[in-house]
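Throughout, a chain's letter reflects where its sequence line sits, starting with A, and its residues are numbered from 1. Because the structure is predicted, anything quoted here is derived from the model rather than measured.
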Protein chains: 2
Amino acid sequence: MDAKTVCLGLLSFGEASGYDLKKHVESSGDLFFATGFGSIYPALAALSSKGLIERSRTTGGGRRDRKVYRITPTGRSELSRRLAMAEPRHTLRSELFALLYFSHLLSTDRLTQIVDERLAAMIADARTEDLTESSLMHPKPSRAQFVAGLRRALLETTIRYTRDHRKLLEPS
Amino acid sequence: MDAKTVCLGLLSFGEASGYDLKKHVESSGDLFFATGFGSIYPALAALSSKGLIERSRTTGGGRRDRKVYRITPTGRSELSRRLAMAEPRHTLRSELFALLYFSHLLSTDRLTQIVDERLAAMIADARTEDLTESSLMHPKPSRAQFVAGLRRALLETTIRYTRDHRKLLEPS
DNA sequence: CGCAACATGTAAGCGGTTACATGATTAC
DNA sequence: GTAATCATGTAACCGCTTACATGTTGCG
């Protein structure tokens with residue numbers, strides 16, 4: 001999903017600044033997209049110029065230059081339209097997948113190291129989950145719970161599968 | 001993983017044409033990347049100009065203009081280098097995830113329709129798996145088996161989870 | 001004969017990543 | 001005071017996607 005739609009979607013939960021949005025995306029584990037400020041600020045500017053969002057407040061708690069955006073009615077209906085048209089594919093891609101596919105070109109030591117590292121990171125990740133206590137979404141909507149739970153289930157499956165089938169990665 | 005590395009990686013299993021590579025990627029369910037010819041041919045041209053791959057045969061079985069590429073020793077070591085340097089993240093993204101996250105903006109009917117469609121597609125997908133009888137990889141390497149099995153396990157988890165927690169998607 | 005699959009490529013445009021650039025506020 | 005975090009933005013580049021363009025081979 002492209003940056004503009006994600007920003008618009010997140011703003012449908014409540015008002016936020018570009019910084020807030022970035023934090024929220026990060027804290028939900030880069031679930032549906034990962035990005036830097038270089039994507040978010042231009043996206044907000046574009047949405048704003050189309051009238052899909054607007055500035056609500058500019059200073060909000062002692063901090064300098066804080067630009068808080070709010071979705072407009074036009075923005076909300078445009079978002080609904082886009083989502084209704086979408087044909088969302090569930091194609092799971094991962095850099096880890098890709099690397100393991102070509103792991104015959106890796107030394108056994110390096111491969112062991114990578115798998116151990118990733119396994120540890122995933123275990124930590126699966127535990128950490130649900131610290132998504134962002135200011136957007138006070139009571140966490142049930143759909144966000146659905147997605148977070150699914151993400152966790154997928155992580156757990158990956159961990160279990162990798163442990164059980166690790167032998168397949170050894171040189172034959 | 002970028003198009004060039006994927007092409008180089010696939011050619012490490014054996015010689016192939018651009019068309020073959022596309023077919024192989026498709027038949028493995030767009031596992032680590034999905035692309036059209038518009039990515040593959042330029043990638044092959046770039047790899048070729050750097051000496052990482054080379055043309056082996058030009059006609060191979062009655063077909064016109066068939067350009068079969070082969071990885072060079074330089075290409076193989078360059079690929080090893082790239083793979084060894086990589087820090088592969090296992091970040092699972094899916095358009096379906098994203099849409100469901102914002103599903104409060106969808107009508108109940110449309111949501112039901114989308115979930116049913118995706119579920120059916122995933123079930124079909126999980127069954128079809130392992131028709132990857134491409135000319136590359138005669139005896140399927142065990143790493144390819146690992147990755148294909150993991151993909152299947154993740155699909156099955158998604159199907160089960162969606163069935164079990166579908167209620168969370170209903171309007172509250 | 002016509003259609004599907006085989007087969008390769010180019011060019012424009014779009015969008016995201018990366019690096020750069022700046023400055024305020026808070027906590028130690 | 002100084003480092004980390006808060007906070008926003010710009011510009012260049014890179015690479016992928018999409019659409020276009022073309023021609024062959026084999027099957028029914």
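One finds a salt bridge joining Glu26(A) and Lys23(A) here, because a Lys/Arg side-chain nitrogen approaches an Asp/Glu carboxylate oxygen to under 4.0 Å. Under a 4.0 Å N-O distance rule, the pair Glu156(A)/Arg160(A) does not qualify as a salt bridge.
Rounded to whole angstrom, the span from the CD atom of Glu26(A) across to the P atom of dC6(D) amounts to 10 Å. One can place CE of Met1(B) at 17 Å from P of dT17(C), the figure rounded to the nearest angstrom. Atom NZ of Lys4(B) is separated from atom P of dC16(D) by 8 Å (rounded to the nearest Å). The distance from atom CG of Asp2(B) to atom P of dG15(C) is 21 Å, rounded to the nearest whole Å. Note: CG (Asp20(B)) to C1' (dT8(C)) measures 13 Å, nearest angstrom. Between Tyr19(A) atom OH and dT26(C) atom C1' there is a gap of 12 Å when expressed in whole angstrom units. Atom P of nucleotide dT8(D) and atom CZ of Arg55(A) are separated by 10 Å, given to the nearest angstrom. Distance Tyr41(B) OH to dC16(D) P: 16 Å, rounded to the nearest Å.
Among the protein residues, Ala34(B) comes within range of the sugar-phosphate backbone only, with heavy atoms under 4.0 Å from sugar or phosphate atoms but none that close to a base.
When the shell of 6.0 Å around CZ of Arg89(A) is examined, it contains 12 or fewer heavy atoms from other residues, nucleotides or ligands.
Centroid-to-centroid, the aromatic rings of Phe146(B) and Tyr161(A) come within less than 6.0 Å. Residues Tyr19(B) and Phe37(B) bring their aromatic ring centres within 6.0 Å. Aromatic pair His24(B)/Phe13(B): centroids not less than 6.0 angstrom apart.
In the set dT8(C), dG16(C), dT10(C), the nucleotide with an atom closest to the side chain of Ala3(A) is dG16(C).
Contacts between residues 44-52 of chain A and DNA chain D, defined by a heavy-atom separation under 4.0 Å, are absent.
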Protein N or O to nucleotides 18-21 of chain C N or O, pairs below 3.5 Å:
none

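Asp109(A) and Thr112(A) share no side-chain donor-acceptor pair at under 3.5 Å. Residues Glu15(A) and Ser56(A) bring a donor and an acceptor atom of their side chains to less than 3.5 Å of each other.
Each of Leu106(A), Val115(A), Leu111(A), Leu105(A) was compared with Leu99(A) under the side-chain contact (heavy atoms from CB on, under 4.5 Å) criterion, and only Leu106(A) meets it.
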